[in-house]
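This report concerns only the one structure given below.
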There are 2 protein chains.
Amino acid sequence: MANAATSKTGQGRTYGGQSSGERQADRRERLIRAAIATYGEQGYRRTTVADVCRTAGLTPRYFYESFANSEALLIAAYKEVTRIALDTLRAAASALEDAEPEARLEAMLSAYYTLLRERPASARVFVAEMSGISAAVDAAFEIGLSKFAKLLAQTSDPEWCETDEGALRKTGVMHGLLAIARSWIADECKAPIADIVAVALPFCRILIDRDAR
Amino acid sequence: MANAATSKTGQGRTYGGQSSGERQADRRERLIRAAIATYGEQGYRRTTVADVCRTAGLTPRYFYESFANSEALLIAAYKEVTRIALDTLRAAASALEDAEPEARLEAMLSAYYTLLRERPASARVFVAEMSGISAAVDAAFEIGLSKFAKLLAQTSDPEWCETDEGALRKTGVMHGLLAIARSWIADECKAPIADIVAVALPFCRILIDRDAR
DNA sequence: GCCAACTGATAATACCCATTTCCAGATTGG
DNA sequence: CCAATCTGGAAATGGGTATTATCAGTTGGC
């Protein structure tokens, strides 16, 4: 994926005070940031490689230095967005370390929807742009979702354990939560967070319901 | 959308024993059938207008006689698939007219997943191909889903009434059920129908839960 | 200061496909 | 039988964009 910066030495040299690797990493980051902003603005489907490069202040040449193709950047952008969201949820749960599981669950959901509202571009990438692009994107999306499901379940039920039969349920719950978020966002996040959390809660209860396990 | 068969008379004449309108309707149907088969086989994204026409035994000229563009055909194919599925669910519910609501709900779910397994092409169109194409397709998809939600809710709870707040929940439930179906199908429908229904049931209970309304 | 490694910008190159148009032959009504 | 209407097939047109290659100028090691 990453063409080493130069061909002969394989190392390159410093430039603008940065080593070859630093410069390349910097460009990669700029591309990811630009991707989130652009996908969030006009959607992945409508943005070209050239669009992202323009926003990043780079040229297509540098795009292919860091990413094999457009999809690879989408996946990278999604991973970045997911990483931030997971951190936020963990923080919300930690802040209520001694509270009831149900309260912690509510706190996480609340943090999640708040984050979506505060970062519209990231939100769009997260809830709306990862569907129907390709098998690779679908796979990356499912992996990200399952991380969320696991976090939600573990935090709200300390004795929760992963089982195979639970995988289907996890998938269903996460896509349900996503659809709720998508619909809420499509309506410009007009409904209060508390209302959205109330709608989302019963779905999470499915996740941690032991009777049905 | 439908260019009248001829330009001068506006009516056309019989040909091959069929009137102008009959021939056109026939071609339209063939295109829809071919679309379901082809989308089901290789996915909407990878099928070209020419592909569908080839399968239908027609030429692109006739495609544009009945559909404005590729998306319009996808929507028409989806509507056809949805129509059949809704009929099947209604029939399953009717067969248990006097049973408990919960039993009727189970029967509908069972009929639904059975249908998906029996018609893989239609299933793929229904659960996997309608995401991320365009706003028009998204809209058609949501309309179809809400019909299902309404049917499920009404049949399992005779006194069910539609409310605005319920819309979000309905969306979440339906997308949850869809994700379950998608995942099951991706695994070649290996799990027994009864297991899938068991996973799906709690989602439906959210739909008709009055406490949370 | 010199050469090779960098940089940004532009512009080929190449492919894919929707949509339209053309054509030669088949079919009909009168 | 004849002219108009229809048919299937194939090819022309046109737009869009991913991906690569080129180039003139800049920068850094030595």
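Lettering follows sequence order; numbering is per chain, from 1.
- Nucleotides of DNA chain C nearest to B:A50 and B:T14 differ in position, and the one nearer the 5' end is that of B:A50.
- Taking atom CZ of residue B:R23 and atom C1' of nucleotide C:dA26, one finds them 13 Å apart after rounding to whole Å.
- Distance B:F63 CZ to C:dT20 P: 11 Å, rounded to the nearest Å.
- Position along DNA chain D of the nearest nucleotide to B:L58 versus A:T48 favours B:L58 as the more 5'-ward residue.
- In this structure, the nucleotide among D:dT27, D:dC6, C:dA9 sitting nearest to the side chain of A:R61 is C:dA9.
- No salt bridge links A:R124 with A:E41; every basic N to acidic carboxylate O contact stays at or beyond 4.0 Å.
- Among the nucleotides D:dT19, C:dA18, D:dG9, the one closest to the side chain of B:T59 is D:dG9.
- Using a 4.0 Å cut-off between charged nitrogen and carboxylate oxygen, A:R54 and A:D51 count as a salt-bridge pair.
- Of all nucleotides listed (D:dA18, D:dT5, C:dA4), C:dA4 comes nearest to the side chain of A:R13.
- Checking A:E71 against A:S134 by side-chain atom types alone, a donor-acceptor pair falls below 3.5 Å.
- Side-chain atoms of B:R23 come within 3.5 Å of backbone atoms of B:Q18 as a donor-acceptor pair (strictly under, hydrogens ignored).
- The CD atom of A:E65 sits 7 Å away from the P atom of C:dT7 (whole-angstrom rounding).
- Regarding A:Q24, its CD atom lies at a distance of 9 Å from the P atom of C:dT7, rounded to whole Å.
- Put simply, CD on B:E22 is 14 Å from P on D:dC6, counting in whole angstrom units.
- Per the geometry, CD belonging to B:Q18 stands 16 Å off C1' belonging to C:dA26, to the nearest Å.
- The side chain of A:R27 places an N or O atom within less than 4.0 Å of a non-bridging phosphate oxygen (OP1 or OP2) of C:dT7.
- Looking at residues 31-44 of chain A, you'll see that no heavy atom sits under 4.0 Å from any atom of DNA chain D.
- We find that B:D87 and B:R90 are joined by a salt bridge, their nearest charged nitrogen and carboxylate oxygen being less than 4.0 Å apart.
- With the nearest nucleotide of DNA chain C identified for both B:T47 and B:G16, B:T47 has the one nearer the 5' end.
- B:F126 and B:F141 have perpendicular rings, their planes meeting at more than 60° on a 0 to 90° scale where under 30° would count as parallel.
- Looking only at distances, no side-chain donor or acceptor of A:S183 sits under 3.5 Å from a matching main-chain atom of A:I180.
- For the pair A:Y15 OH and D:dG25 P, the computed distance is 14 Å after rounding to whole Å.
- A straight line from CD of B:E71 to C1' of C:dT19 spans 15 Å, rounded to a whole angstrom.
- Residue A:Y64 places its side chain closer to D:dT20 than to any other of C:dG8, D:dG29, D:dT20.
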